[in-house]
There are 2 protein chains.
Amino acid sequence: MDPHLLRTYVTVVRLASFSEAARDLGYTQSAVSQHIAALESDLGLPLLTRRPVAPTPAGERLLEHAGALLLRLDAARADLERFTAAPRTTLDVAASPLALTARTVAALPATGVTLHALPRERVPVAVATGEADAGLVDGIAAPSDPLRLPDVAPLSATAVAEEPLAVVLPDHHPLAGRPGLRLDDLVDARWLDAPAAGVPLDRLRAVHGGPAGRGFRPGLRYDGTDTRTLAVLAAAGRGLALLPLSAAQGVPGATAVSLVAPRLVHRTELLVPAGAHPEATGPVAEFAGRLKR
Amino acid sequence: MDPHLLRTYVTVVRLASFSEAARDLGYTQSAVSQHIAALESDLGLPLLTRRPVAPTPAGERLLEHAGALLLRLDAARADLERFTAAPRTTLDVAASPLALTARTVAALPATGVTLHALPRERVPVAVATGEADAGLVDGIAAPSDPLRLPDVAPLSATAVAEEPLAVVLPDHHPLAGRPGLRLDDLVDARWLDAPAAGVPLDRLRAVHGGPAGRGFRPGLRYDGTDTRTLAVLAAAGRGLALLPLSAAQGVPGATAVSLVAPRLVHRTELLVPAGAHPEATGPVAEFAGRLKR
DNA sequence: GGAGCGACATAAGCGTCCGTGATGGCGAGT
DNA sequence: ACTCGCCATCACGGACGCTTATGTCGCTCC
């Protein structure tokens, strides 16, 4: 299970072709074929169907492991390179859409900043692999419980903002008048599925813990990142949305009712490589310092 | 960053010797020396001091990454081997001490069971690497929030028991009469540090979120796994202990007061490899089925 | 239905890299 | 100062991996 072999394996699966993968990796087709053969003989089972080229069930499993492994390998290399690299003068920040608020943006240094807008799950990856010097991720969690992030590498997370959650309903919705809502009241409702702009529904499903049969039916799916659009969709009755309170307010036709049970908050966290090389100075420290104040 | 090189690297660090590592790995000393040299030249910085052999700061970082990487590699191999291996007839269960209760033990099949008592953090590792077919881990978390486990491999976790938490105090303690306790009332108290038997203090520290200055000073450290002993120590005034309510009761001289804030529970979860090869039958399924009932 | 073509498998050749054994340098203990 | 233990370096032999070339299979086109 040489990383080289794994790298070609994932490339072959991604491109669904040995020859394409060979071109992509700068190998000959023969080499790719031998790589796959080596993996299959090492593990003792077929990983791919040929014609069409697609992973077998075992291959699917390997794909998960290989992805994590290669990611971690990149992260390790990036982490070690920080020891030798020249101190950064510019700052690359990876951020999920909802993590960018007036407050967090204000903390960015005036110059030399590149902002990478990424989906939530890519932010830790970007920081780990060194594509970004710091990350801002948002998500929901129990109060004073850190966000649940994939641990691709040792990262240190510190909360920089915390806000109540609100359910966005059309004004005329029967529940719109309530002072607060319980999630249990809403299990049978139709929800907007907006992984990029809103709060991910699968997280709610996990919190609720109920069987897959009931609860949190996705309705319209929205893959944009604009919260205002999401609120507009909710106002139009296309489904409910869950947003941080401040983002949920101020849209005509939409009412935001805060969520009271389960006790969850929308939190934004700053992500930096852990065990930080004592960078008491530099753009990252400057940014972190301003955020904590 | 070949895994072979990483494996030699961690071995060298563990044994603090090139020659010992060579013997351990079945290489010559020369090969080990070259492995380390290759790593160092690849990464462009020294990883070890020689005489004595010890990791540099950069080497320490690499060690973390290498450990995770090699673990994940073993997990991947073990996971893939499940596809080819013969269906299990016996059952190996890894369990943290507090996860073993009358209820969980009763769910074990009558015969063919090997029980591995492991510290909490080793349980997921054992399941991932195939040393165990299933795991039982306990820990504390917010209600209806999964336990926070290191993700060495895709594992599926399902709650099998949940219990309130209790603080164990000497009978004569000023707070012993209270109906319930808040953690905030106890930040300045002295705690028993019992990572194996009790609830880990560092988790509390994280939940409390306070600066390292205040809070949760460890007193006596107890590395045994017996909760009764822990309660006896608490009764003797050597420090407070946090235990699941049932384990905290019934020790003369000790009073158990349940914890009311923050809202945390002691939960035990069953761990099995995720994406399970549809084992509707077999010892693992039998065990899981009995636990869920 | 046969020829052609695209795509993966297999075979042979060759360079490179890896591990061995021998030797050298260096520090610590006697 | 000598010696022993330990790591570094060197030179060599073999194995492994990649390339070129060729084989085989399946699909498509006429």
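Throughout, protein chains are lettered first and strands after them, A, B, ... in sequence-line order, and every chain is numbered starting at 1. Just so we're clear, the structure is a prediction, and the values are computed from it rather than from any experiment.
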Rounded distance in Å - [atom1] ([X]) to [atom2] ([N]):
X	N	atom1	atom2	answer
A:R23	C:dG6	CZ	P	11 Å
A:L39	D:dG17	CG	P	11 Å
A:E40	C:dT10	CD	C1'	15 Å
A:L47	C:dC8	CG	C1'	16 Å
A:H4	D:dC18	NE2	C1'	13 Å
A:Q34	D:dC16	CD	P	13 Å
B:F18	C:dC26	CZ	P	17 Å
A:I36	D:dG17	CD1	C1'	15 Å

Is the phosphate of [N] approached by [X] (side-chain N or O, under 4.0 Å from OP1 or OP2)?
X	N	value
A:S30	C:dC8	no
B:H35	C:dG19	yes
B:S33	D:dT9	no

When you measure from the side chain of [X], which nucleotide among [options] comes out closest?
X	options	answer
B:Y27	C:dT20, D:dC7, D:dT19	C:dT20
B:S19	D:dT9, D:dC7, D:dT19	D:dC7
A:T28	C:dG19, D:dT20, D:dC7	D:dT20

Donor-acceptor contact present, side-chain A:R120 to main-chain A:D138, <3.5 Å: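 The answer is yes, because a donor-acceptor pair under 3.5 Å joins these two groups.
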Under 3.5 Å: donor-acceptor pair, side chain of B:T56, backbone of B:L47: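 Checked: pair present.
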Candidate pair B:R7 and B:D2, rule salt bridge (Lys or Arg N to Asp or Glu O under 4.0 Å), full reasoning: CA-CA 9 Å; B:R7 190 157 325 250; B:D2 189 314; over 6 Å; no
Touch class at under 4.0 angstrom, heavy-atom based, for A:V53 against every strand present: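 Sugar-phosphate, backbone atoms only, no base.
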No-H, no-angle donor-acceptor pair, A:Q29 side chain to D:dT19 base, under 3.5 Å: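 By the distance-only test, no, there is no pair.
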Short N-O contact, B:D74 and B:R77, less than 4.0 angstrom: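 So B:D74 does not pair with B:R77 through a salt bridge.
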Electrostatic pair B:D193:B:R238 at N-O distance under 4.0 angstrom: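 The answer is no: the pair does not qualify as a salt bridge.
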